Enquirer: 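This is the structure I want to talk about, given as structure tokens.
Since we're looking at a predicted model, the values are computed, not measured. Sequence lines set the chain letters: A, B, ... in the order given, protein chains first and strands last, and positions in each chain run from 1. Heavy-atom basis, side chains included; hydrogens, waters and symmetry copies ignored.
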Number of protein chains: 2
Amino acid sequence: MKKYLKILKKCPLFAEIEDDSLLRMLTCLGAKVEEFDKKYTILAEGYPATYIGIVLSGSVQIVQVDYDGNRSILSELSAPDVFAEAFACAEVRALPVSVIANEPSQIMLIDCNHILHTCENNCGFHQQLIFNLMKDLATKTILFHQRIEVTSKRTTREKLLTYLSMQAKKANSHSFEIPFDRQELADYLEVDRSGLSAEIGKLKKEGVLDSQKNRFVLY
Amino acid sequence: MKKYLKILKKCPLFAEIEDDSLLRMLTCLGAKVEEFDKKYTILAEGYPATYIGIVLSGSVQIVQVDYDGNRSILSELSAPDVFAEAFACAEVRALPVSVIANEPSQIMLIDCNHILHTCENNCGFHQQLIFNLMKDLATKTILFHQRIEVTSKRTTREKLLTYLSMQAKKANSHSFEIPFDRQELADYLEVDRSGLSAEIGKLKKEGVLDSQKNRFVLY
DNA sequence: TCCTTTTTGTTGAAAATTCAACAGACTTTC
DNA sequence: GAAAGTCTGTTGAATTTTCAACAAAAAGGA
């Protein structure tokens, strides 16, 4: 396990846990590392969700089969991202998604029951782990909530302005960078990319904002 | 506290916890019950999020002040709903919303730190409480995820069909009821109500589905 | 540096949504 | 049981978005 320490320490799930405690804990949790070739299925739709996954190297896709049989890629993750934690914690009977290796990848799998039900050893770091997992879920909830707040606006302009003011508020400044390129921003806002570009252009002309690449200024 | 037992037992946060254990635990957690008159602020935007709230009676609104000063109501909760748990667990510095009493209400407030950091007594039910809280957050994450999956479709028709097939899958039947009236469904799908009604009409004519009130049949 | 690839902005036409207004069906209240 | 209020479906016009196609700009590679 030692060789994965460097990447595991970057994972928010293991924040505030010392190296040796982490190693001991992983053993205690029965964490296992598996290697998957490209296109191999790591977790399969329909199976019970018990495992939490952590990408150690390579990348994975979260894939869903549509009601009319179309496969769609919900997201793509790389190290040290965590996946399936919500499904595992909610104890869903059947995973609604599959997780597929996007390239040869090393994946750590931990049975969520081992996390949630602390062992008799009662290691103090287990507490911290639960705390970290909780924080991860809570943060996701908040981010989703924010996104819905943005996308529930009805026009591209409103969505954009709502999003940008949130970012300005967060940065505590009129000038700030966003973590998206145009296509990604359009996907986030759930609008058409070209329409988004057009709207940004309009707002510039009107003097409402200015932008160059990812940097925006809101007047 | 005893008089609140009946309502608290309905709250998923306290699932699988026996009455007397629950009462002892509430004391241990420093849970307090406060009464708020209509329009009084229970939790104020901008303050640190440390408390988890539970509606015991009455109802509350989750309110947000827009970037241009407009107040908007994000949701309305009644007993035995839980609020602010995500903010508290994520330890956000400033609440992005306010919680206002919508009528005279009794609210239980619990400092989230007391939940997350188990006491030295190490009561077994505290474990269960953490577990329940985790499940609550995980479930919310999943529900938000689903909603985004639905609303990310671009047309009313696609949104509606995506949502309905999810419900059919969940009910494991072509015929099922949804928990929304038309306006609520439109809000959930983020579309115009009248447009939604029109689309349902079209789909009926095309023989894709049938509906009366909340009951839908998908062919 | 040059060439290739990706990203971004622009456009106009087609399609879809929103908006406002109204009428009928259904509920609730007194 | 009548009246008031709410919910739903329908319509047409105005607005907005999407879509496809292209050109300019930026980024990356050889």
Side-chain angles (χ1 to χ4, degrees), chain A residues 59 70 72-73 76 78 102 147-164 167 176-218, chain B residues 59 66 70 72-73 76 78 102-103 147-164 167 176-218:
Chain A
S59 62
N70 304 326
S72 66
I73 298 165
E76 201 169 309
S78 56
N102 193 37
R147 177 161 168 193
I148 288 174
E149 194 190 328
V150 170
T151 59
S152 67
K153 309 283 174 179
R154 290 302 162 75
T155 63
T156 300
R157 166 180 286 241
E158 272 189 299
K159 288 180 186 182
L160 177 61
L161 286 176
T162 304
Y163 173 71
L164 291 178
Q167 296 305 305
F176 53 91
E177 286 189 357
I178 66 171
F180 298 132
D181 64 24
R182 289 290 182 276
Q183 181 61 62
E184 289 168 333
L185 179 57
D187 288 343
Y188 181 87
L189 300 179
E190 298 176 356
V191 299
D192 180 68
R193 182 197 58 78
S194 69
L196 172 62
S197 274
E199 197 62 49
I200 291 174
K202 254 195 234 170
L203 287 164
K204 276 187 188 174
K205 257 188 204 160
E206 294 174 25
V208 179
L209 57 77
D210 206 349
S211 78
Q212 36 192 346
K213 291 206 210 171
N214 304 356
R215 175 157 288 281
F216 284 79
V217 184
L218 221 48
Chain B
S59 61
D66 224 67
N70 304 326
S72 65
I73 298 166
E76 203 168 308
S78 56
N102 193 37
E103 57 187 301
R147 178 162 168 192
I148 288 175
E149 194 191 326
V150 169
T151 58
S152 68
K153 308 282 175 182
R154 290 302 162 73
T155 62
T156 299
R157 166 180 286 240
E158 273 189 298
K159 288 180 187 181
L160 177 61
L161 286 176
T162 304
Y163 173 71
L164 291 179
Q167 296 305 305
F176 52 91
E177 285 189 359
I178 65 171
F180 298 131
D181 64 25
R182 289 290 181 275
Q183 182 61 61
E184 289 169 333
L185 179 57
D187 288 343
Y188 182 88
L189 300 179
E190 298 175 358
V191 298
D192 181 67
R193 182 197 59 77
S194 69
L196 173 62
S197 275
E199 198 61 51
I200 292 174
K202 255 194 232 169
L203 287 165
K204 275 187 190 173
K205 257 187 203 162
E206 294 174 25
V208 178
L209 57 76
D210 207 350
S211 79
Q212 36 192 346
K213 290 207 207 174
N214 303 358
R215 175 157 288 280
F216 284 79
V217 184
L218 221 49

Enquirer: With sequence neighbours excluded, what pairs up with B:S152 under the side-chain hydrogen bond (donor to acceptor under 3.5 Å, both in side chains) test?
Expert: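 B:S152 satisfies side-chain hydrogen bond (donor to acceptor under 3.5 Å, both in side chains) with no other residue.
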Enquirer: Work out how much the helix from C:dT1-D:dA30 to C:dC30-D:dG1 bends between its end axes, five pairs an end, to the nearest 10 degrees.
Expert: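 Its terminal axes enclose an angle near 60°.
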Enquirer: How long is the line joining NZ of A:K202 and P of C:dT8, in whole Å?
Expert: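 Rounded to the whole Å, the gap is 20 Å.
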Enquirer: Mark yes or no for whether A:K153, through its side chain, and A:E158, through its backbone, hold a donor-acceptor pair below 3.5 Å.
Expert: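 Looks like no, no N/O pair under 3.5 Å.
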Enquirer: At under 4.0 Å between heavy atoms, which parts of nucleotides 12-17 of chain D does protein reach? Answer with one letter per nucleotide, 5' to 3': B base, S sugar-phosphate only, - none.
Expert: ----SS
Enquirer: A side-chain contact here means heavy atoms from C-beta on lying under 4.5 Å apart; do B:D192 and B:T156 qualify?
Expert: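 No, every pair of side-chain atoms sits at 4.5 Å or beyond.
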Enquirer: Thinking salt bridges, do B:E190 and A:K159 make one under a 4.0 Å N-O criterion?
Expert: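 Between A:K159 and B:E190 there is no salt bridge, as every charged N stays at least 4.0 Å from the carboxylate O atoms.
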Enquirer: When the distance from CD1 of B:I200 to C1' of D:dT10 is rounded to whole Å, what number comes out?
Expert: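 Result: 13 Å.
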Enquirer: Any N/O pairs under 3.5 Å between the protein and nucleotides 22-27 of chain D? List them or say none.
Expert:
{"unit_1": "D:dA27", "atom_1": "OP1", "unit_2": "A:K213", "atom_2": "NZ", "d": "2.3"}

Enquirer: Could you state the CG-P distance from B:N214 to C:dC26, rounded to the nearest angstrom?
Expert: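 Nearest whole value for this atom pair: 14 Å.
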Enquirer: Roughly how many Å is it from CG in A:L196 to P in C:dT7, rounded to a whole number?
Expert: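 The answer, rounded to whole Å, is 15 Å.
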Enquirer: Taking only distance into account, with no hydrogens and no angle test, what donor-acceptor pairs under 3.5 Å do side-chain atoms of residues 208-216 of chain A form with protein atoms, sequence neighbours excluded?
Expert:
{"unit_1": "A:S211", "atom_1": "OG", "unit_2": "A:K204", "atom_2": "NZ", "d": "3.3"}
{"unit_1": "A:R215", "atom_1": "NH1", "unit_2": "A:S175", "atom_2": "OG", "d": "2.6"}

Enquirer: Can A:E199 and A:K202 be said to form a side-chain contact (heavy atoms from CB on, under 4.5 Å), step by step?
Expert: CA-CA 5 Å; A:E199 197 62 49; A:K202 254 195 234 170; 4.1 Å; yes
Enquirer: In this structure, which one of B:E149, B:R147, B:R154 forms a side chain to side chain contact (heavy atoms under 4.5 Å, CB included) with B:T151?
Expert: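 That would be B:R147.
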Enquirer: Check the distance between C:dG9's C1' and A:L185's CG and give it to me in whole angstrom.
Expert: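 Going from A:L185 (CG) to C:dG9 (C1'), I get 14 Å.
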Enquirer: Provide, to the nearest angstrom, the distance between the CD atom belonging to B:Q183 and the C1' atom belonging to D:dT6.
Expert: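 The answer, rounded to whole Å, is 12 Å.
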Enquirer: Quick one: B:E184 CD to D:dT6 P, roughly how many Å, whole number?
Expert: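 It is 15 Å, rounded to the nearest whole Å.
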Enquirer: Rounded to the nearest 0.5 Å, what separates atom CG in A:L189 from atom CG in A:L196?
Expert: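 Here the interatomic distance stands at 6.0 Å.
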Enquirer: Return the set of residues passing side-chain hydrogen bond (donor to acceptor under 3.5 Å, both in side chains) with A:E184 (not counting sequence neighbours), or none when no residue passes.
Expert: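 side-chain hydrogen bond (donor to acceptor under 3.5 Å, both in side chains) list for A:E184, sorted by chain: empty.
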Enquirer: Between D:dC7 atom P and B:R182 atom CZ, what is the distance in whole Å?
Expert: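 Interatomic distance, CZ of B:R182 to P of D:dC7: 13 Å.
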Enquirer: Is there a side-chain contact between A:V191 and A:L160, using heavy atoms and a 4.5 Å cut-off?
Expert: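 No, side chains not in contact.
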Enquirer: To the nearest 0.5 Å, what is the distance between CG (A:L218) and CZ (A:F176)?
Expert: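 Nearest 0.5 Å value for the CG-CZ distance: 5.0 Å.
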